[in-house]
Number of protein chains: 2
Amino acid sequence: MPPPLEPPPDTTAHPDGGAALPPDLVTVALSVDLVLLTVREERLQVLLVRRGIEPFLDRPALPGGFVRPGEDLAEAAVRELAEETGLRHPPAHLEQLATYGAPQRDPRGRVVTVAFLALAPQSRTPIAGTDAAASYWGPVATADDGPGLAFDHATILADGLERARSKIEYSAAATAFCEPEFTVAELRRIYELVWGARLDPRNFHRKVTGTAGFLVPTGRFTTRDGGRPAELYRRGDAPVLHPAMLRPVPRLP
Amino acid sequence: MPPPLEPPPDTTAHPDGGAALPPDLVTVALSVDLVLLTVREERLQVLLVRRGIEPFLDRPALPGGFVRPGEDLAEAAVRELAEETGLRHPPAHLEQLATYGAPQRDPRGRVVTVAFLALAPQSRTPIAGTDAAASYWGPVATADDGPGLAFDHATILADGLERARSKIEYSAAATAFCEPEFTVAELRRIYELVWGARLDPRNFHRKVTGTAGFLVPTGRFTTRDGGRPAELYRRGDAPVLHPAMLRPVPRLP
DNA sequence: ACCATACTCGTCAGATTGACGAAAACCTCC
DNA sequence: GGAGGTTTTCGTCAATCTGACGAGTATGGT
């Protein structure tokens, strides 16, 4: 049986007119968890780690860790991301997803976790694993098969996927999956794999090139996709798309 | 100077194979804050409380409080909502907004808060104040004038407003502001006040009555708005609107 | 009875989408 | 070096949706 935990929250020694938190306050351990998505090998994949300790020993889990003193939430997320992937710079897209705090979600005690959604191209996530060397990419389609994710991470992953699918509808976030320069077809492949749907290449081309601020043409071309050379584009500066690019199958059948 | 806080997190006495949280773990106090919006007196208003204790004594703040042991986050939000407004049932719309955990956001120590967004009709928020008797409605346009909101609540309020403005675009959440039965004009007034924009009554009528699952006609009529009798509607069961109802002024001017 | 008010239905041009034809510009293979 | 395959890119066309606005309908007030 583990001993009672130390220390209490560092809520003292603040020069503030004698104001203090209530003495009977419940405190919780605070962690961040990451839903880091990328497109690899023609599939949407998520970064997972194999847990090296109890509970859920050897089970797959989302990468994450505890927030440190004096650290902001997004700061902790960026740090964990760097530790788990060797990622130098913050990813092109990182946003807070939601917070999960069910009382029994961690059998060790009250742990509340703030989940973040990150999107990154394959090239910038070498997984030079330092902290949890057991990190690996898992296809999202089967990520919750097999042993099953630790804690409530299956729920977090599902929420992250839904957020990603929805986000690329009305924002340019899908470019976060791409290399700095990419073709329209590569971007279309992102949409198709994230949504799990086929898109018409001609209509997609018209849409993305016609939406102001979405793509910036470079004037250079590549043939890496085979066929006729395709122009290379860079991300534009439009944070939102107007009008949105809607998923083919409406939400209500 | 306040004494060190007790107790440490209740992370012990869990029968779980001896797994325990790390002993040097940072713990935080956890609170929920509410952005409760309603439409009153032809204005979009937010529920505020005047703080009765330090820090930020007598300053306006968002209603909220600390999460209790064994309590889930949404549960704590509903409880606080009931305590601050006398609201019996959970509001028609309640969703997690975001979590704010900057290290210095509370001068008393490390307090992380999970903010919720709630939308309610005026009739169901009598403010039979029990807990913080000093709760009151403030117009959002001037809510951050005057003394200024406590803590980072101005940021939370701004995020909540943006979420609400965006949410009613692609979901039927605006009906959460309405009484159980309402006219198209009353719903249109909601949109106009939340967005701060004029909408054409004829196009709005066509849009909301033509979107499947948005409104359910009751067959009954009212003349409470003056003029020709208007049909009364109830909320439909469509969680999302397809296509969305877009704000008149695009996000990027 | 008349008028002001507000709801509801219609019309019409412009924008956007989905489906699809077809040309352009590369590749590989024979 | 040409044939055939692949992929990008440009157009066309009908259907749908939006924004602007005209007009009729059904009340309440004076």
Side-chain angles (χ1 to χ4, degrees), chain A residues 42 168-170 178 181-192 195 197-233 238 240-253, chain B residues 42 168-170 178 181-192 195 197-233 238 240-253:
Chain A
E42 289 292 295
I168 66 176
E169 279 193 307
Y170 58 89
C178 298
E181 298 195 345
F182 53 90
T183 68
V184 171
E186 288 161 0
L187 182 62
R188 174 167 49 84
R189 204 81 195 100
I190 300 292
Y191 274 91
E192 291 182 334
W195 283 345
R198 278 227 185 282
L199 300 177
D200 184 275
R202 297 158 293 190
N203 292 338
F204 184 85
H205 187 276
R206 176 182 60 189
K207 174 71 177 172
V208 297
T209 57
T211 300
F214 194 176
L215 301 184
V216 178
T218 66
R220 280 173 299 112
F221 291 80
T222 181
T223 63
R224 62 187 179 216
D225 299 329
R228 172 174 170 176
E231 184 160 12
L232 287 166
Y233 291 86
V240 299
L241 300 187
H242 185 75
M245 172 145 39
L246 295 177
R247 272 175 274 193
V249 180
R251 290 84 152 197
L252 291 185
Chain B
E42 289 292 295
I168 66 175
E169 279 192 309
Y170 59 90
C178 297
E181 298 195 346
F182 53 90
T183 67
V184 172
E186 288 161 0
L187 181 63
R188 174 167 49 85
R189 204 82 195 100
I190 300 292
Y191 273 91
E192 290 182 333
W195 283 345
R198 277 230 186 280
L199 299 177
D200 184 274
R202 296 159 292 188
N203 292 336
F204 184 85
H205 187 277
R206 177 183 59 190
K207 175 71 177 172
V208 297
T209 56
T211 300
F214 194 177
L215 301 184
V216 178
T218 66
R220 280 173 298 113
F221 291 79
T222 181
T223 62
R224 63 187 179 215
D225 300 329
R228 172 175 167 177
E231 184 160 13
L232 287 167
Y233 291 85
V240 300
L241 300 187
H242 185 77
M245 172 145 40
L246 295 176
R247 273 176 274 193
V249 181
R251 290 85 150 197
L252 291 185

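So that the names make sense, note that chain A is the first sequence line, chain B the second, and so on, each numbered from 1. Note that these values count all heavy atoms, side chains included, but never hydrogens, waters or copies made by symmetry.
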Check your understanding: With the threshold set at 4.0 Å, does a side-chain nitrogen-carboxylate oxygen contact exist between A:E186 and A:R189?
Key -> no
Check your understanding: Is atom CZ of A:R198 surrounded by more than 12 heavy atoms (other residues, nucleotides or ligands) closer than 6.0 Å?
Key -> no
Review point. OP1 or OP2 of D:dT8 less than 4.0 angstrom from a side-chain nitrogen or oxygen of A:H205, does that happen here?
Key: no
**Study point:** Under 4.0 angstrom between B:K207 side-chain N/O and D:dC17 OP1 or OP2
**Key:** no
Check your understanding: Please give, in whole Å, the distance from D:dC17 C1' to A:L246 CG?
Key -> 12 Å
Point to revise | Length of the line joining B:R220:CZ and D:dA26:P, which is rounded to integer Å | key: 20 Å
Flag the pair [X] / [Y] as yes when at least one side-chain heavy-atom distance between them is below 4.5 Å, and no otherwise.
X	Y	value
B:M245	B:F204	yes
B:D200	B:R206	no
A:P243	A:K207	yes
A:E169	A:L246	yes

Review point. Does A:T223 or B:E186 map to a spot on DNA chain C nearer the 5' end, using the closest nucleotide for each?
Key: B:E186
Exercise for review: Mind checking the OG1-CG spacing from A:T218 to A:L232? Nearest 0.5 Å is all I need.
Suggested key: 4.5 Å
Review point. Hey, is the main chain of B:I168 close enough, under 3.5 Å, to the side chain of B:Y191 for a donor-acceptor pair?
Key: yes
Point to revise | Expected output: side-chain A:E231 to main-chain A:T183 donor-acceptor under 3.5 Å | key: no
Check your understanding: What are the bounds, 5' to 3', of the part of DNA chain C that sits under 4.0 Å from heavy atoms of chain A?
Key -> C:dT17 to C:dC26
Point to revise | Annotated protein contacts, base or backbone, on nucleotides 1-7 of chain D with a non-hydrogen cut-off under 4.0 Å, one of B, S, - each | key: -----BB
Quick one: which protein N/O atoms are closer than 3.5 Å to N/O atoms of nucleotides 20-22 of chain D? Pair and distance per line, please.
from   : atom 1 : to     : atom 2 : distance (Å)
D:dA20 : N7     : B:N203 : OD1    : 3.3
D:dA20 : N7     : B:N203 : ND2    : 2.9
D:dA20 : N6     : B:N203 : OD1    : 3.3
D:dC21 : N4     : B:R202 : NE     : 3.3
D:dG22 : N7     : B:R202 : NH1    : 2.6
D:dG22 : O6     : B:R202 : NH1    : 3.3

